[in-house]
**Q** 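Just passing along the structure, written as structure tokens.
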There are 2 protein chains.
Amino acid sequence: MDDIRDVEMVPCTDSRFLRPKRVKYTQNGVQKTWDYMHVHDSVVILIYNCRRQVFYLVKQFRPAIYMNTYHRLYGSPEEKSGVQTLPGSQGVTYELCAGIVDKDVSLKEIAQSEILEEVGFQVPLEKIEEVTSYRGNVGVAGSLQTLFYAEVTDDMRVSAGGGLKEEGELIDVVELPLADSRKFIMDPSINRPGLLLFAFMWFYDTKMSHSS
Amino acid sequence: MDDIRDVEMVPCTDSRFLRPKRVKYTQNGVQKTWDYMHVHDSVVILIYNCRRQVFYLVKQFRPAIYMNTYHRLYGSPEEKSGVQTLPGSQGVTYELCAGIVDKDVSLKEIAQSEILEEVGFQVPLEKIEEVTSYRGNVGVAGSLQTLFYAEVTDDMRVSAGGGLKEEGELIDVVELPLADSRKFIMDPSINRPGLLLFAFMWFYDTKMSHSS
């Protein structure tokens with residue numbers, strides 16, 4: 001997954017994925033404009049195997065993380081004649097299973113599909129719990145993300161997961177033992193999204209406080 | 001703050017703030033491209049007045065949240081002849097004090113400046129604790145955000161805060177009592193970033209577990 005070569009900046013004309021929009025408005029009598037992007041709402045799922053006491057995370061190469069790290073180490077990649085080589089591992093993240101809301105079904109059903117596609121468990125809807133919703137990237141996109149919690153058992157496994165190969169997804173499923181999870185989530189040397197930290201803290205607070 | 005009028009979509013040509021970039025690379029032998037944006041790294045600070053048992057949050061109108069909510073309720077704003085009116089309150093968020101890393105000083109000093117500008121406390125560096133760093137928006141930007149925790153007392157107050165008026169910032173400082181905070185952070189009807197939820201959960205876990 002982290003064999004990354006031939007990194008090259010190319011002109012970005014008319015991105016299909018990132019399309020800045022501009023809105024003009026008057027706030028308390030003052031005219032303002034703001035550039036933003038419309039981003040799909042999304043779901044993320046903390047998946048826990050209670051009998052085996054492990055969480056399931058997805059590990060993947062994220063070009064945006066790789067380039068952000070490149071920029072911090074070497075400056076703007078566009079000002080270089082050739083992009084210097086950074087190990088591909090620098091762009092690898094550990095994330096919760098997640099997906100965008102692009103179908104007209106319930107958020108819980110989208111969560112259920114993503115668990116199946118990415119991690120390989122067929123989880124009944126009643127085993128998927130909605131935790132809360134919050135906003136992502138308030139400056140630029142402001143999309144709504146909903147966190148779910150799913151408890152799985154080995155008999156729900158139907159595949160190895162790994163995402164949709166036909167969509168070019170290259171995802172490894174990683175087991176994180178509960179006993180190692182506190183150290184893992186607080187380790188800044190591991191690329192993981194801020195929200196993952198909340199999901200685990202919520203778990204410790206809600207699912208463990210009465211048993212520990 | 002939430003008196004929002006005359007909302008209008010205008011063509012977004014050559015945004016100064018949102019500039020998609022494109023990177024080409026080869027992952028495990030397969031050539032791929034990815035569009036991303038370079039976003040500044042940032043700091044956020046959970047600010048707690050331990051004697052009065054209140055947190056300080058910043059409240060502001062966020063156009064991206066407003067437009068995301070608009071889109072969910074009415075569909076794409078660009079397909080309308082006039083943008084329908086949504087109350088400005090729908091775009092108001094409650095956030096941690098935060099700022100981007102755009103100066104060549106330590107992250108802790110940037111945190112210290114932001115606390116002063118936005119919330120009005122002059123906090124000594126030794127009262128500002130680094131919690132951890134994590135990644136924001138792994139798909140698009142991947143920038144690094146560092147969470148700090150600052151304990152303040154009333155004698156550190158030097159102004160009312162509210163951000164830099166010359167930069168057009170319109171920020172209200174809001175006091176959130178510790179006793180109300182759990183209900184607040186889990187309420188999906190309040191616009192607040194996912195990371196704020198982690199910060200509070202970290203506080204309950206780290207600062208309260210031995211005293212409660």
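Given the structure is predicted, the values throughout are model-derived calculations rather than measurements. So you know, we letter chains A, B, ... as the sequences are listed, proteins then strands, and number each from 1.
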**Q** Hey, is CZ on R72(B) packed in by over 12 heavy atoms from elsewhere, all under 6.0 Å?
**A**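 Enclosed: over 12 neighbouring heavy atoms sit under 6.0 Å from CZ of R72(B).
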**Q** Do you know which of C12(A), A199(A), G29(A) has the most heavy-atom pairs with chain B at a distance under 4.5 angstrom?
**A**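 If we count pairs closer than 4.5 Å to chain B, C12(A) comes out on top.
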**Q** Please report the shortest heavy-atom distance between M1(A) and N28(B), naming the atom on each side.
**A**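 Distance-wise, the nearest heavy atoms are N-ND2, 2.9 Å.
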**Q** Evaluate ring-ring contact (aromatic ring centres under 6.0 Å, His included) for Y25(B) paired with Y66(A), printing each intermediate quantity in order.
**A** CA-CA 11 Å; Y25(B) 61 99; Y66(A) 183 84; 7.7 Å; no
**Q** Please give me the minimum heavy-atom distance between P77(B) and Y36(A), naming the atom from each residue.
**A**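 Looking at all heavy atoms of both residues, the shortest contact is CG-OH, 3.9 Å.
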**Q** If you measure from CD1 on I4(B) to NZ on K32(A), what distance do you get to the nearest 0.5 Å?
**A**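 Those atoms lie 7.5 Å apart.
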**Q** For D41(B), is it the side chain, the backbone, both, or neither that has a heavy atom closer than 4.5 Å to a heavy atom of chain A?
**A**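 Only the side chain of D41(B) comes within 4.5 Å of chain A.
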**Q** I need the M201(B) CE to W202(A) CH2 distance, nearest 0.5 Å.
**A**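 Atom-to-atom, M201(B):CE and W202(A):CH2 are 8.5 Å apart.
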**Q** Does the side chain of H38(B) reach to within under 4.5 Å of the side chain of H71(A), using non-hydrogen atoms?
**A**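 In short, these two side chains touch, coming nearer than 4.5 Å.
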**Q** Find the distance between CD (Q31(B)) and CG (D6(A)) and round it off to the nearest 0.5 Å.
**A**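 CG of D6(A) is found 7.5 Å from CD of Q31(B).
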**Q** Name every donor-acceptor pair, under 3.5 Å, that has one atom in a side chain of residues 42-50 of chain B and the other anywhere in the protein, sequence neighbours excluded.
**A**
unit_1 : atom_1 : unit_2  : atom_2 : d
S42(B) : OG     : Q145(B) : NE2    : 3.1
N49(B) : OD1    : R51(B)  : N      : 3.3
N49(B) : OD1    : R52(B)  : N      : 3.1
N49(B) : ND2    : Y56(B)  : OH     : 3.1
N49(B) : ND2    : D154(B) : OD1    : 2.9

**Q** Tell me, for L147(B) versus chain A, whether the close heavy atoms (under 4.5 Å) come from the side chain, the backbone, both or neither.
**A**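 No part of L147(B) comes within 4.5 Å of chain A.
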**Q** Measure the shortest side-chain to side-chain distance between V140(B) and L18(A) over non-hydrogen atoms and say whether it is less than 4.5 angstrom.
**A**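 Contact flag for V140(B)/L18(A) side chains = yes.
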**Q** Who wins among D2(B), V138(B), L195(B), T146(B) for the most heavy-atom pairs under 4.5 Å with chain A?
**A**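 That would be V138(B).
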**Q** When rounded to the nearest 0.5 angstrom, what distance separates CZ in R22(A) from CG in D14(B)?
**A**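 Reported value, rounded in 0.5 Å steps: 8.0 Å.
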**Q** Given the options P11(A), G88(A), S189(A), G194(A), which has more heavy-atom pairs under 4.5 Å with chain B than any of the others?
**A**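 Most heavy-atom pairs under 4.5 Å with chain B: G194(A).
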**Q** Looking at P20(B) and S15(A), what are the two nearest heavy atoms and their distance?
**A**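 So the minimum-distance heavy-atom pair works out to CB-CB, 4.3 Å.
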**Q** With a 4.5 Å cut-off on heavy-atom pairs, point out which of P193(B), G142(B), S143(B), P188(B) contacts chain A the most.
**A**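 Looking at each option in turn, the highest pair count goes to G142(B).
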**Q** Name the option with the most non-hydrogen atom pairs under 4.5 Å to chain A; the candidates are F17(B), W34(B), F200(B).
**A**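 Option with the top pair count is W34(B).
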**Q** Which atoms of L144(A) are under 4.5 Å from chain B, going by heavy atoms: the side chain, the backbone, both sets, or neither?
**A**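 Contact with chain B involves both backbone and side-chain atoms of L144(A).
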**Q** Name the region of R19(B), side chain, backbone, both or neither, that has any atom closer than 4.5 Å to a heavy atom of chain A.
**A**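 R19(B) has no heavy atom closer than 4.5 Å to chain A.
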**Q** Please report the closest heavy-atom contact between V23(B) and P63(A), naming both atoms and the distance.
**A**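 Nearest heavy atoms, V23(B) then P63(A): CG1-CB, 4.3 Å.
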**Q** Quick check on E95(A) against chain B: is it the side chain, the backbone, both or neither that has a heavy atom closer than 4.5 Å?
**A**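 The side chain, not the backbone.
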**Q** For each of G91(B), A141(B), G139(B), tally heavy-atom pairs with chain A at distances under 4.5 Å, and name the one with the top tally.
**A**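 Result: the option with the highest number of such pairs is A141(B).
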**Q** For chain A, find its close neighbours in residues 126-136 of chain B: heavy-atom separation under 4.5 Å, sorted by number, or none.
**A**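 Residues V131(B), T132(B), S133(B), Y134(B), R135(B) are the ones that qualify, each having a heavy atom under 4.5 Å from chain A.
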**Q** Around atom NZ of K183(B), are there more than 12 heavy atoms from other residues, nucleotides or ligands closer than 6.0 Å?
**A**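 No, not enclosed.
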**Q** Would you say R182(B) and D205(A) make side-chain contact, with heavy atoms under 4.5 Å?
**A**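 The answer is yes, as the side chains (C-beta and beyond) meet within the 4.5 Å cut-off.
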**Q** Checking Q60(B) against chain A: side chain, backbone, both or neither under 4.5 Å from a heavy atom?
**A**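 Q60(B) has no heavy atom closer than 4.5 Å to chain A.
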